[in-house]
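Data block below; observations after.
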2 protein chains.
Amino acid sequence: MPQPSAPRKTLGRPPRISREEVVTTARRIVDAEGVDRLTMRRLATEIGSTPMALYHHVRNKEELLVLLLDDYATRTLHRPELPAQPRERVVVAAATIHEALAACPWIVEVLTADDLMATSALWFVEQIVDGLVACGLSPERAVHGYRAIWYYTAGEIVVRVTAARRRTDDDRPTYRERVFAELDPSELPRLAQVADQWSPLTAEDTYLDGLRALVDGLLAPR
Amino acid sequence: MPQPSAPRKTLGRPPRISREEVVTTARRIVDAEGVDRLTMRRLATEIGSTPMALYHHVRNKEELLVLLLDDYATRTLHRPELPAQPRERVVVAAATIHEALAACPWIVEVLTADDLMATSALWFVEQIVDGLVACGLSPERAVHGYRAIWYYTAGEIVVRVTAARRRTDDDRPTYRERVFAELDPSELPRLAQVADQWSPLTAEDTYLDGLRALVDGLLAPR
DNA sequence: GCAAGTTTTTGTACATGTAAGGAAAGTAGC
DNA sequence: GCTACTTTCCTTACATGTACAAAAACTTGC
């Protein structure tokens, strides 16, 4: 039985770099210098290879970012103590995911994946679906409820992050500011009424309030 | 009083193209061949100019897309008959916006603007905020409520569109499919239970249900 | 050892958005 | 007319993601 040092049964040219090495190096670059500095060329030289070689371990840059998110989630998304009350369990599970994602704003492109499918996040999804069922929803409605929560959560982060990004890009008055400055109070009275507080109001973090409202609404008898 | 043909009081070299022409031509390209075919070079040649000339009428490509969205909204977002009941008014206003945006899926990048600020959409925002106030919310809470609705709406579209985009890009089994195939029923029983229905379930259009739940939750006495 | 087959790596090439600097085309003051 | 100034436009150049084809480095069957 000869297999002293794994006698290489694999076919073809042996790889010099691995998918893991790609992801790890990418993570190092992102952590150190931000996601903007992560280019395929940079990554390749850092890893001692060529850009196109990466494409044998990663389908494209977007998939690399997905892997980075997955990696990030695995490392930072720890399971918290969840409350016993199922409704509150749903809220806390969703809020935990939200908190982790919000702290890592470079993944906006990835965030729009149709689901949060990092393996480490599945436990949270389970908690949400299960909590909704425990509150009386059918499994089908519970899945729909989870989706609604995900839409709301992903939307909040995407909107907030891109808004912040735009702000730093540019100092000129925002489109929004111009629009609000010219509001016709006779046509749009409510907006005119809150116009000068719009920016501070929308800057407030009301994710939890909205989440609670959504969960309450999902669980209310119809 | 000589001003027979508008005696050119403007300084500098007279423009040969206008922002409007840029937007109009861009719209024609997008309508005819899809947003992927809209490149700055293509647009420039179509308009009989050079790529960099466009940048004097449009800050960058993203702003061009924002303008396209604005234009699109102005043309297609007609004010519907809104129900008298304020809660229902909120729902219908939001649903109308959602419907218009969902029909025009190429604007995902733009959609993530921090607010729906096309002038033609403001009336709907007004209706939503006003409806929430009419249901008893303070103006501040009404604005937060509108934001929650916007997060939910934008999130739904972004998630759905990018999911669809990914699907056409690629025929290989989705990450999601792989993950669900390997679910451990003892650890994630609920997900295992719905695993085989996950795709059809999440493909269903439940925007309205979620919206109603959210609005109900926002308006429920706390 | 050699031919065939397989997988990884590399080199070259292209499309794209856009930065930078200067040329062009006009007005205003003289 | 000429100079200064302003605005718009054009040329060139670069960074980036990635398609494509060929080369390289293996295994397997002979």
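Residue numbers begin at 1 in each chain, while the letters A, B, ... track the order of the sequences.
- Residue Ser49(B) places at least one side-chain N or O under 4.0 Å from the OP1 or OP2 atom of dC10(D).
- For Glu33(B), the CD atom counts as densely surrounded, since its 6.0 Å shell holds more than 12 non-hydrogen atoms of other residues, nucleotides or ligands.
- Scored by the ring pair (Phe, Tyr, Trp, His ring centres under 6.0 Å) test, His98(B) finds Tyr207(B) as partners (sequence neighbours excluded).
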Task: Intermediate values then yes/no, salt bridge (Lys or Arg N to Asp or Glu O under 4.0 Å), Arg28(A) and Glu46(A) - done: CA-CA 10 Å; Arg28(A) 211 182 52 225; Glu46(A) 197 99 345; 3.4 Å; yes

TODO: Might you work through the salt bridge (Lys or Arg N to Asp or Glu O under 4.0 Å) test for Arg79(B) and Glu126(B), ending with a clear yes or no?
DONE: CA-CA 12 Å; Arg79(B) 304 181 181 183; Glu126(B) 168 83 17; over 6 Å; no

Open item on the list: Base contacts versus sugar-phosphate-only contacts with protein, heavy atoms under 4.0 Å: please encode nucleotides 16-25 of chain D as B, S and - from 5' to 3'.
Closed with: BBBBB---BB

Open item on the list: With side-chain hydrogen bond (donor to acceptor under 3.5 Å, both in side chains) as the criterion, how do Tyr55(B) and Arg59(B) come out once you've worked through the C-alpha distance, each side chain's angles and the decisive distance to 0.1 Å?
Closed with: CA-CA 6 Å; Tyr55(B) 286 83; Arg59(B) 190 176 312 166; over 6 Å; no

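- A straight line from NE2 of His57(B) to P of dC10(D) spans 10 Å, rounded to a whole angstrom.
- Taking atom CG of residue Leu54(B) and atom P of nucleotide dC9(D), one finds them 9 Å apart after rounding to whole Å.
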